[in-house]
Amino acid sequence: MYGKQKIYFADQEQFDTVSDADLHVLDARIVALTAKVQALQQGCRHMEAELKELASALTTPEMQKEIQELKKECAGYTQRLKNIKAATNHVTPEEKEQVYRERQRYCKEWRKRKRMATELSDAILEGYPKSKKQFFEEVGIETDEDYNLKLPDP
């Protein structure tokens, strides 16, 4: 009896006494097993999620069709690579250098002519009463900027 209440409990006399060291060992084992259970449950949930994702992604016939398409694509790339390797019309270093020199010469000429045209239009515009844009419109001059062109780097 505890005041007005009755408390019932098992008679502890029938059980062996357990030392504090044994209790600590059992507590440590409980913690380790609990962590292992949680890790396994998390792994199961992760595997279930992956399985659902894979199952919903493709069915077996769709997978086989996808594999066939990828094999065809791979074969096409392999054939293309063979053709490129077998080509005999490669550009020699001399031809490449010649093309670069010509490009540089044309770009230099482009800059020179653009500078001359700009200087000429600026000289005309000094005595012209309207704006540069209006002048170009009246005369019919089209500039590189109208077509968003920029001179390439040398």
Side-chain angles (χ1 to χ4, degrees), residues 10 15-16 18-154:
F15 299 116
D16 295 334
V18 182
S19 69
D20 286 341
D22 291 339
L23 287 176
H24 289 298
V25 169
L26 290 174
D27 285 341
R29 189 169 175 211
I30 289 171
V31 169
L33 290 173
T34 303
K36 187 175 179 181
V37 166
Q38 287 177 348
L40 289 172
Q41 285 176 338
Q42 185 177 0
C44 287
R45 283 191 296 268
H46 183 67
M47 286 182 198
E48 285 175 355
E50 284 182 3
L51 183 60
K52 285 180 184 178
E53 186 177 316
L54 286 174
S56 66
L58 291 174
T59 61
T60 303
E62 290 174 336
M63 284 186 227
Q64 291 173 348
K65 182 180 177 185
E66 183 74 20
I67 289 170
Q68 291 300 323
E69 289 175 10
L70 290 173
K71 284 182 179 179
K72 286 179 186 177
E73 187 177 339
C74 184
Y77 286 136
T78 304
Q79 184 62 38
R80 184 174 171 198
L81 180 63
K82 285 180 185 176
N83 291 343
I84 290 172
K85 285 183 177 180
T88 57
N89 59 351
H90 294 293
V91 177
T92 64
E94 294 82 23
E95 291 172 325
K96 182 179 175 183
E97 188 60 36
Q98 177 66 27
V99 169
Y100 280 125
R101 279 196 303 269
E102 286 180 13
R103 178 183 178 271
Q104 214 169 16
R105 190 178 85 220
Y106 292 137
C107 288
K108 184 177 177 182
E109 190 66 29
W110 183 4
R111 281 188 185 82
K112 180 179 168 186
R113 290 181 183 198
K114 182 172 181 165
R115 185 178 53 250
M116 288 183 345
T118 304
E119 289 174 358
L120 183 62
S121 66
D122 287 343
I124 294 171
L125 285 171
E126 284 180 11
Y128 194 72
K130 297 180 182 176
S131 71
K132 184 177 184 178
K133 188 174 182 180
Q134 289 172 335
F135 171 69
F136 283 175
E137 237 175 68
E138 285 181 15
V139 178
I141 297 175
E142 297 174 343
T143 63
D144 294 338
E145 289 77 21
D146 291 341
Y147 293 96
N148 295 325
L149 293 176
K150 294 182 182 177
L151 285 169
D153 293 329

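Here the structure is a predicted model, which is why all the values come from computation and not from measurement.
- Shown are Glu94, Lys96, Glu102; of these, the side-chain hydrogen bond (donor to acceptor under 3.5 Å, both in side chains) with Gln98 is made only by Glu102.
- Side chains of Asp122 and Lys132 form a contact here, defined as non-hydrogen atoms less than 4.5 Å apart.
- Applying the side-chain contact (heavy atoms from CB on, under 4.5 Å) test between Glu109 and each of Lys112, Arg111, Arg105 identifies Lys112 as the sole match.
- Looking at Glu95 and Val99, their side chains never come closer than 4.5 Å, going by heavy atoms from C-beta outward.
- Atom CD of Gln68 and atom NZ of Lys72 lie 7.0 Å apart (nearest 0.5 Å).
- The local environment of NZ in Lys114 is crowded, with over 12 non-hydrogen atoms from other residues, nucleotides or ligands closer than 6.0 Å.
- Contact of the Trp110 side chain with the Asp144 side chain is registered, since non-hydrogen atoms from C-beta on lie closer than 4.5 Å.
- For the pair Val31 and Asp27, the minimum side-chain heavy-atom distance is 4.5 Å or more.
- The structure places CZ of Arg115 at 13.5 Å from CG of Leu120, a figure rounded to the nearest 0.5 Å.
- In this structure, Ile141 and Asp146 approach most closely via the heavy-atom pair O-OD2, 4.2 Å.
- Of the N and O atoms on the side chains of Gln104 and Arg101, not one donor lies less than 3.5 Å from an acceptor on the other residue.
- Considering only heavy atoms from C-beta on, Lys71 comes within 4.5 Å of Ile67 through its side chain.
- Taking the side chain as every heavy atom from C-beta outward, Gln42 and Arg45 approach each other to under 4.5 Å.
- A salt bridge does not link Lys133 to Glu145: none of the charged side-chain nitrogens sits closer than 4.0 Å to a carboxylate oxygen.
- To the nearest 0.5 angstrom, Gln79 atom CD is 5.0 Å from Asn83 atom CG.
- Here the CG atom belonging to Leu125 is positioned 12.0 Å from the NZ atom belonging to Lys130, to the nearest 0.5 angstrom.
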